[in-house]
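Okay, so here's the structure we're looking at.
None of the values given here were measured: they were computed from a predicted structure. Position 1 is the first residue of the sequence; numbering continues from there.
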Amino acid sequence: MKNSIQPTGKEVRFNDREMIISKSDLSGRVTYANRCFMRIANYSETQVLGQQHSLIRHPDMPRGVFRLLWDTLQQNREFFGLVKNMNADGDFYWVFANITPDRDLKGNVTGYYSVRRPAPLSAVRAIEPVYRRMLEIENAETKANATAASLAYLMQLPAQQGLSYDQFVLNLYQQGERQ
């Protein structure tokens with residue numbers, strides 16, 4: 001299903017005690033979505049199961065972030081990130097995402113498990129200009145180079161602070177939690 005929904009600019013918020021949880025197969029197709037996911041994304045279970053998780057991708061999200069997500073998961077590591085999603089009505093919601101490989105009893109990766117919490121406002125304010133710049137970079141580059149160029153920009157920010165990407169994004173989330 002191709003997402004042709006237009007963004008409204010209206011934000012949907014969810015409770016700090018709630019978590020959006022989903023599972024996907026190795027190709028990113030949704031195999032499970034909890035009630036919170038369906039309520040916030042405004043999709044029924046039948047509308048979301050079997051669909052690519054990118055169904056909720058907001059156009060304000062740079063492709064470089066998703067390259068980092070998939071590169072991280074392919075290395076059998078968990079991914080942390082701030083993500084702007086879009087629901088079925090075109091409204092947006094920010095999440096702090098933790099995505100981990102889901103393994104069978106033999107340790108083989110069978111898919112991915114994603115837990116998303118509301119993103120702290122301070123973290124959103126800090127990451128929005130970064131994502132805007134990444135989109136500018138993607139739009140200025142050739143299609144073949146766009147994603148790598150925006151990812152390189154993202155990775156240089158924590159490096160300039162002597163941090164890994166994980167430390168950088170976890171700091172944004174944890175600083176916002178305390179406010």
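In this structure, Asn85 CG and Tyr93 OH are separated by 4.0 Å, a value rounded to the nearest 0.5 Å. Taking CE from Met134 and CZ from Arg132, the interatomic distance works out to 13.0 Å, rounded to the nearest 0.5 Å. Distance CZ/Arg117 to CG/Asn15: 13.0 Å, rounded to 0.5 Å. Note that the CG atom of Leu172 and the CG atom of Leu82 stand 6.0 Å from one another [nearest 0.5 Å]. With rounding to the nearest 0.5 Å, the separation of CD in Glu45 from OH in Tyr32 is 8.5 Å. The CD atom of Gln6 sits 7.5 Å away from the CE atom of Met86 when rounded to the nearest 0.5 Å.
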Check against side-chain contact (heavy atoms from CB on, under 4.5 Å), Ile40 and Asn87: CA-CA 7 Å; Ile40 300 301; Asn87 74 9; 5.8 Å; no
CA sep, side-chain torsions, deciding dist, call: Leu154, Tyr165, side-chain contact (heavy atoms from CB on, under 4.5 Å): CA-CA 8 Å; Leu154 176 61; Tyr165 169 80; 4.1 Å; yes
Side chain to side chain donor-acceptor pair (under 3.5 Å) assessment of Asp25 paired with Ser27: CA-CA 5 Å; Asp25 65 15; Ser27 69; 2.8 Å; yes
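Below 30°, between 30° and 60°, or above 60°: for Phe96 and Phe80 the angle between ring planes is below 30°, a parallel geometry. Classified by interplanar angle (parallel below 30°, tilted 30° to 60°, perpendicular above 60°), the ring pair Tyr112/Trp70 is perpendicular.
In this structure the side chain of Val109 reaches within 4.5 angstrom of the side chain of Arg103, judged on heavy atoms. The shortest side-chain heavy-atom distance between Arg13 and Pro118 does not fall under the 4.5 Å cut-off. Between Tyr153 and Arg133, some side-chain heavy-atom pair lies under the 4.5 Å cut-off. Residues Arg57 and Phe66 form a side-chain contact, since some pair of their non-hydrogen atoms from C-beta on lies under 4.5 Å apart. Between Gln52 and Ser24, every side-chain heavy-atom pair lies at or beyond the 4.5 Å cut-off. Two residues are said to be in side-chain contact when any heavy atoms from C-beta on lie closer than 4.5 Å; Ile56 and Phe37 meet this criterion. A heavy-atom distance below 4.5 Å is found between the side chains of Ile127 and Trp94. The side-chain heavy atoms of Arg63 and Ser150, taken from C-beta on, include no pair separated by under 4.5 Å.
Nearest approach of Ala33 to Met38, heavy atoms of both residues: O-CE, 3.4 Å. When every heavy atom of Ala88 is checked against every heavy atom of Asn42, the shortest pair comes out as CB-O, 3.2 Å. In terms of heavy-atom proximity, Pro7 sits nearest to His58 at CB-NE2, 3.8 Å. Counting all heavy atoms, side chain and backbone alike, Gln47 lies closest to Leu55 at O-CD2, 4.3 Å. Taking every heavy atom of both residues into account, Cys36 and Ile20 meet most closely at SG-CG1, 3.7 Å. When all heavy atoms of Val130 and Ala126 are compared, the pair lying nearest together is CG2-O, 3.8 Å.
Tracing side-chain contacts under 4.5 Å through hydrophobic residues (I, L, V, M, F, W, Y), one never reaches Val48 starting from Val115; they form parts of separate clusters. Grouping the Ile, Leu, Val, Met, Phe, Trp and Tyr side chains by contacts below 4.5 angstrom, directly or via other members, places Met19 apart from Ile99. Using a 4.5 Å cut-off between side-chain heavy atoms of Ile, Leu, Val, Met, Phe, Trp and Tyr, with links allowed through other members, Leu135 and Val83 fall into different hydrophobic clusters. The hydrophobic clustering, which links ILVMFWY residues whose side-chain heavy atoms are closer than 4.5 Å, places Met61 and Tyr173 together.
A donor-acceptor contact shorter than 3.5 Å is absent between the side chain of Gln161 and the backbone of Phe168.
Between Arg77 and Asp166 there is a salt bridge, with a side-chain nitrogen of the basic residue lying less than 4.0 Å from a carboxylate oxygen of the acidic one.
Applying the side-chain contact (heavy atoms from CB on, under 4.5 Å) test between Phe79 and each of Leu68, Asn98, Asp71 identifies Leu68 as the sole match.
By the neighbour-count criterion of 12 heavy atoms within 6.0 Å, atom CZ of Arg39 is densely surrounded, having more than that number from other residues, nucleotides or ligands. For Phe14, the CZ atom sits in a packed shell: over 12 heavy atoms of surrounding residues, nucleotides or ligands are nearer than 6.0 Å.
At a cut-off of 3.5 Å, with distance as the only test, a side-chain donor of Thr8 or Asp91 sits close to an acceptor on the other residue.
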